[in-house]
Amino acid sequence: MSLRGRNFIDLSHFERYELRRILDTAHDLKRKQKRGEPHELLKGKSLAMIFMKSSTRTRVSFEVGMTQLGGHALYLQPSGTQLGRGETIGDTAKVLSRYCDAIMARVYGHNEVVELAEHATVPVINGLSDLLHPCQIMADMMTIEEHKGCLKGLKIAYVGDSNNVSNSIMQGCTIMGMNVTIGSPKGYTPVPEILKRATELSERYDTALEVVNDPYEAVKNADVIYTDTFFSMGQERTKEKEEALMPFQVNQALVDAAKKDVIVMHCLPAHRGEEITDEVMDGPHSVVFDEAENRLHAQKAILALIV
Ligand code: CP
Ligand code: NVA
């Protein structure tokens, strides 16, 4: 199926060849940008960006991405729009669709971005919900390909709190043929709904998918170690959760327990000294800033293909 006109909300809605097409386009657009070759594929197009939560990378990479594609992006916050005064998501979606060619939204409840898409007549992109962060994982897979040359057959170990990022890793990386291990303490493992779907994907794509409660077991033979904050936006900070997650910190000892040439990833923002140490984040295995850069290229590819 063509990607044109499609929403980009949940990676499990895509086939491998479709994600492959996005990744190939992302690598191509990155090459063009580095060489200074024009690629104004969205001349005259506008993207509405709704941010219910804070953002540095998503906001800047989407806005700059639209500019580089010859289009324009609008930054909308609830406090500055009628959304903050109670205009419904449905009405907002219908109105924005009359002006803009796509809508990107960062929301709290995943149902909010789904509702937006139900009412919009232009493609809707999930810029992070409490359940999923699909754009992040496209940039991550692009980064893994740059450093490892492929995806299929590699082992990615996500260590820490099971959250929107690990959920999208379970989907996207599995679809692309990677073996995924989630290492999380009991009580902070993936939600059953997402795990079930990811398990179906792993059967379909013949990959390994496992959830373990020991960080060292998780990273054994890993090609990629990935972590994220213990407390996602909107979550309450508790001592209990912090104590459960501290043994899952990505530190040098944990990195040493993986493959020699393991790469370390983090979607950022990092809480240095908490889920990851300075030594690892700034060390030779870390690719976190390549990963951040690739948000730009991966999202340009998504925009160019769906708009
Ligand atoms: N990784 C990520 O989505 O970063 P921001 O919260 O800064 O957008
Ligand atoms: N899991 C984090 C990701 C931030 C980019 C959060 O939702 O806050």
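These numbers come from the heavy atoms of this one structure, side chains and all, not from hydrogens, waters or symmetry mates. Remember, it's 1-based here, ligands and their atoms both numbered in the order they're listed.
The shortest heavy-atom contact between P134 and N126 is CD-ND2, 3.6 Å.
Within ligand 2, counting atoms from 1 as listed, the ones closer than 4.0 Å to a heavy atom of N164 are 1 (N), 2 (C), 6 (C), 7 (O). Proximity to L128 (heavy-atom distance under 4.0 Å) selects the following atoms of ligand 2: 3 (C), 4 (C), 5 (C), 7 (O). Those atoms of ligand 1 that come under 4.0 Å of a heavy atom in T56, given as number and element, are 5 (P), 7 (O), 8 (O). Within ligand 2, the atoms closer than 4.0 Å to a non-hydrogen atom of M233 are 6 (C), 7 (O), 8 (O), numbered from 1 in the order shown.
The cationic group of R59 does not satisfy the cation-pi geometry with F51, failing either the under 6.0 Å distance to the six-membered ring centre or the 45° limit from the ring axis. Taking the ring centre of Y108 as origin, the terminal cationic atom of K53 falls inside the region bounded by 6.0 Å and 45° from the ring axis.
Closest to atom 6 (C) of ligand 2 by heavy atom, among G127, S232, P269, C267, is S232. Summarising the contacts of atom 3 (C) of ligand 2 with D228, N167, N163, T58, the nearest heavy atom is found in D228.
Residues F248 and F230 keep their aromatic ring centres 6.0 Å or farther apart.
Contact between L268 and ligand 2 is present, with at least one heavy atom of the residue lying under 4.0 Å from the ligand. Residue contacts with ligand 1 do not include K53, since none of its heavy atoms lies under 4.0 Å from the ligand. Within the 4.0 Å heavy-atom shell around ligand 1 one does not find L128.
Ligand 1 has an N or O atom lying under 3.5 Å from an N or O atom of C267, backbone or side chain. Distances between N or O atoms of L268 and those of ligand 1 include at least one value under 3.5 Å.
A donor-acceptor contact under 3.5 angstrom links the side chains of H27 and E145, judged on distance only. Side-chain atoms of S61 and Q299 form a donor-acceptor pair, as typed in the model, at a separation below 3.5 Å.
I302 and V107 fall into different hydrophobic clusters, where Ile, Leu, Val, Met, Phe, Trp and Tyr are joined by side-chain heavy atoms under 4.5 Å apart, directly or via other members.
Around CD of E240, the count of heavy atoms belonging to other residues, nucleotides or ligands within 6.0 Å does not exceed 12.
At distances below 3.5 Å, at least one donor-acceptor pair connects side-chain atoms of R4 with backbone N or O atoms of V307. Without hydrogens or angle criteria, N164 side chain to H133 main chain gives no donor-acceptor distance under 3.5 Å.
The protein heavy-atom contact nearest to atom 4 (O) of ligand 1 is R57 NE, 2.8 Å. Here the heavy atom of the protein found nearest to atom 6 (O) of ligand 1 is R106 NH1, 2.8 Å. Protein heavy atom closest to atom 2 (C) of ligand 1, with residue, atom name and distance, is R295 NH1, 3.2 Å.
Contacts with ligand 1 closer than 4.0 Å are made by no heavy atom of R59, backbone or side chain.
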